[in-house]
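Structure record follows, encoded as structure tokens.
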Amino acid sequence: MLLTGLSLSQYTHAQAVQIKVIQTSDVHGSFFPYDFINRRDRKGSLARVSTYVNEMRKKYGKNVILLDNGDILQGQPTCYYCNFVKPTMPNLAASVINYLKYDAQTIGNHDIETGHPVYDKWIKEVKCPSLGANIIDTRTNKPYVHPYTIINRDGVKVAVLGMLTPAIPNWLKESLWTGLRFDNMVTSAKYWMKHIQTKEKPDVIIGLFHSGKEGGIHTPEYDEDASLTVAREVDGFDIVFFGHDHTRFSGWIKNNAGKDVLCLDPSCDAYMVSDATIDIRKSKGKVVSKKITGDVIDITAQPIDEKYMSHFKADIDSVNVFVDRKIGRFENTIYTRDCYFGSAAFTDFIHDLQLKITGADVSFNAPLSFDTRINKGDVYVSDMFNLYKYENQIYVLKMTGKEIRNHLEMSYDLWVNTMKSPEDNIMQLSEWAKQDRQRFGFKNLAFNFDSAAGIIYEVDVTKPDGQKVRILSMADGTPFDENRWYKVAMNSYRGNGGGELLTKGAGIPRSELKSRIVFESEKDQRYYLMKLIEDAGVMNPQAHNNWKFVPEEWTKPAIERDRKLIFGN
């Protein structure tokens with residue numbers, strides 16, 4: 001486009017610059033093309049991103065900008081090993097960022113979940129700026145890390161503004177983020193946009209947001225997923241790179257000033273990258289024209305960067321030694337896919353642990369991995385990351401019987417349909433969610449599908465929302481009383497309000513959750529699962545069969561149909 005006020009001769013003699021911007025997001029420890037959990041090769045990883053970036057650097061020279069968008073400190077044993085097993089070693093999440101020469105990174109919610117000792121050390125070790133304009137240090141009332149960074153490429157000044165979803169308090173206990181607060185993204189973006197435009201006068205402004213497209217948790221103060229809202233409501237962005245929701249997105253948003261903003265999300269696990277090209281012309285220090293194009297690129301067919309792999313060989317070997325340690329033996333295979341259709345050995349094994357450690361009356365738990373298994377035979381440290389995906393602690397909360405039922409009502413309302421005929425789907429499925437790496441074809445997030453142990457109950461899928469769950473008794477046959485107080489075990493994500501099952505479902509005010517906690521485990525849940533297996537030596541996990549979907553003449557055929565729809569034959 002030819003900007004007004006400039007002559008044709010000025011445009012003709014303008015300096016032309018082409019800049020390539022590449023973004024990764026939600027890498028979740030996928031540093032190498034090997035899945036240390038399932039002990040097999042994987043298609044994604046930064047080892048392939050490295051090849052792609054090297055090719056772009058050959059083509060564009062120094063005019064490549066490489067950005068990461070957070071959630072890099074959790075997800076694979078590579079992370080757990082350097083975060084908690086060998087915390088004195090340089091964090092691999094910093095080492096790979098430095099090796100690949102990233103220009104800036106944001107911080108994700110799963111980075112915060114590792115706790116101050118881990119992420120503060122990681123931030124210091126990373127050589128590029130860590131960004132988070134709305135992560136506020138409550139002592140100074142200023143950003144805890146850099147709000148933005150300025151990158152100069154061939155006479156073009158690029159500003160990158162970073163932000164994090166403000167929903168952290170809905171998931172994580174305060175000790176993990178003590179001294180911090182997380183401000184509304186739109187409000188923060190408006191403030192810093194004005195600051196950047198006034199003070200820096202950049203030629204290009206990029207948003208780098210660890211926040212999903214739209215939706216998620218909504219409160220009067222903020223939205224969890226606000227990236228498109230910011231692109232729309234805050235004038236000035238040329239490109240918004242985002243992530244957090246693990247869902248590929250490539251599109252344009254017209255902001256309130258009528259300008260088109262390119263918005264890109266490369267999903268997760270380094271299977272894809274966001275790739276944008278900026279063609280800009282400047283004359284006498286002024287931008288004459290600016291053209292932006294871009295898309296999300298699949299990098300799984302890229303060759304592995306063997307030089308990168310050789311550089312990190314000692315780290316890879318150390319992690320392999322850690323995950324290859326045998327800890328016990330299972331006498332049968334357990335599957336997460338069974339958890340969606342009724343009482344399952346996989347879920348009930350974790351229920352048993354929560355009840356045994358805490359002495360609670362009731363346990364809540366949901367499948368945290370969509371479709372994984374632990375095979376019959378020898379069990380290794382690596383299997384523990386399939387058994388329990390995140391570093392959650394175990395909590396016990398005081399809840400009334402009515403709150404327990406209402407919590408489960410919301411869970412099953414997210415999970416199953418109200419069937420009107422025997423031919424209906426029993427599961428809430430969605431065609432658009434098949435490519436969503438948090439939903440996998442379910443309409444809602446499967447890690448919020450809580451079942452319970454310690455009670456016997458039925459879920460009547462012919463009943464309307466809020467009336468499906470009928471609790472018959474405690475597990476030992478004694479009566480269940482909706483007016484009585486019970487001790488309920490759950491993971492810390494749920495206990496801090498994650499998924500809103502305790503707040504919207506059970507009806508417990510968010511401000512009251514902390515006072516309801518009567519037990520908090522010292523270590524993460526995976527540690528106790530590992531210890532349980534090591535102490536027992538041989539285990540035979542079985543389903544409790546303490547709950548089921550009814551009426552069975554409808555639900556049994558519907559379950560078989562939906563199982564095939566979701567998982568195939």
Side-chain angles (χ1 to χ4, degrees), residues 14-25 27 46 49-50 52-70 72 94 96-107 123 125-135 143 145-164 188-189 192-210 227 230-231 234 236-243 261-264 266 273-282 285-294:
Q15 177 197 11
V17 179
Q18 191 171 64
I19 297 171
K20 176 67 70 178
V21 191
I22 301 168
Q23 175 226 11
T24 54
S25 188
V27 169
L46 293 182
V49 172
S50 180
Y52 186 81
V53 171
N54 287 339
E55 287 301 311
M56 293 301 105
R57 284 174 174 157
K58 284 179 187 176
K59 183 176 180 180
Y60 294 91
K62 294 181 180 179
N63 285 4
V64 173
I65 295 174
L66 183 58
L67 306 171
D68 183 72
N69 195 35
I72 196 171
V96 296
I97 290 285
N98 294 339
Y99 181 91
L100 292 169
K101 296 182 173 61
Y102 275 81
D103 293 288
Q105 67 175 20
T106 55
I107 297 170
I123 289 167
E125 291 173 347
V126 170
K127 293 178 181 177
C128 69
S130 295
L131 309 180
N134 66 328
I135 306 172
V145 289
H146 299 280
Y148 66 92
T149 190
I150 299 295
I151 301 168
N152 289 289
R153 290 291 190 269
D154 208 2
V156 175
K157 192 173 187 179
V158 180
V160 181
L161 175 68
M163 292 193 292
L164 168 63
S188 294
W192 286 105
M193 178 61 73
K194 184 177 180 181
H195 175 92
I196 290 167
Q197 289 176 327
T198 303
K199 182 182 177 183
E200 306 290 355
K201 297 179 171 57
D203 303 308
V204 178
I205 302 179
I206 293 172
L208 188 63
F209 306 152
H210 192 89
S227 291
V230 173
V234 184
F237 289 105
D238 294 286
I239 307 170
V240 166
F241 294 112
F242 65 101
V261 182
L262 177 63
C263 298
L264 300 173
V273 297
S274 299
D275 180 306
T277 305
I278 305 168
D279 288 289
I280 195 165
R281 286 177 176 268
K282 293 185 71 176
K286 294 183 178 181
V287 175
V288 180
S289 70
K290 191 190 309 182
K291 180 184 178 184
I292 294 171
T293 56

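Just so it is clear, the structure is predicted and the values come from calculations on it, not from any experiment.
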Please name the residue in the list Lys157, Lys282, Lys286, Lys290 that meets the side chain to side chain donor-acceptor pair (under 3.5 Å) test with Asp203. Lys282

Output the distance between atom CG (Leu264) and atom OG (Ser227), rounded to the nearest 0.5 Å. 11.5 Å

Reported CD-to-SG distance for the pair Gln105 and Cys128, which is rounded to 0.5 angstrom: 4.5 Å

Using only atom types and a distance under 3.5 Å, with no angle test, would you say the side chain of His210 pairs donor to acceptor with the backbone of Asn69? yes

Just how far is it from atom CD1 of Ile206 to atom CD1 of Ile239, taken to the nearest 0.5 Å? 4.5 Å

From Asp238 CG over to Ile205 CD1, what is the distance, rounded to the nearest 0.5 angstrom? 6.5 Å

To the nearest 0.5 angstrom, please state how far the CD1 atom of Ile292 sits from the CD1 atom of Ile280. 8.0 Å

Passing candidate, side-chain contact (heavy atoms from CB on, under 4.5 Å) with Ile65, options Val158, Ile278, Val204: Val158

Can you tell whether the side chains of Arg153 and Asp103 come within less than 4.0 Å, N to carboxylate O? yes

With a 4.5 Å cut-off on side-chain heavy atoms, are Ile22 and Leu67 touching? no

Shortest non-hydrogen contact between Leu262 and Ala276, atoms and distance: CD2-CB, 4.0 Å

For the side chain of Asn134 and the backbone of Leu164, is there at least one donor-acceptor N/O pair under 3.5 Å apart? yes

Geometric class of the Trp192/Tyr148 ring pair [parallel <30°, tilted 30-60°, perpendicular >60°]: tilted

Short side-chain to backbone donor-acceptor contact, Gln15 and Asp154, under 3.5 Å: yes

Specify the closest pair of heavy atoms between Ser25 and Gly243, including all atoms of both residues, with the distance to one decimal. OG-CA, 3.5 Å

Please list, chain by chain and in numerical order, all residues satisfying ring pair (Phe, Tyr, Trp, His ring centres under 6.0 Å) with Tyr99, sequence neighbours excluded. Tyr308, His311, Phe312

Check: Lys101 side chain, Asn98 main-chain N or O, donor-acceptor pair, under 3.5 Å: no

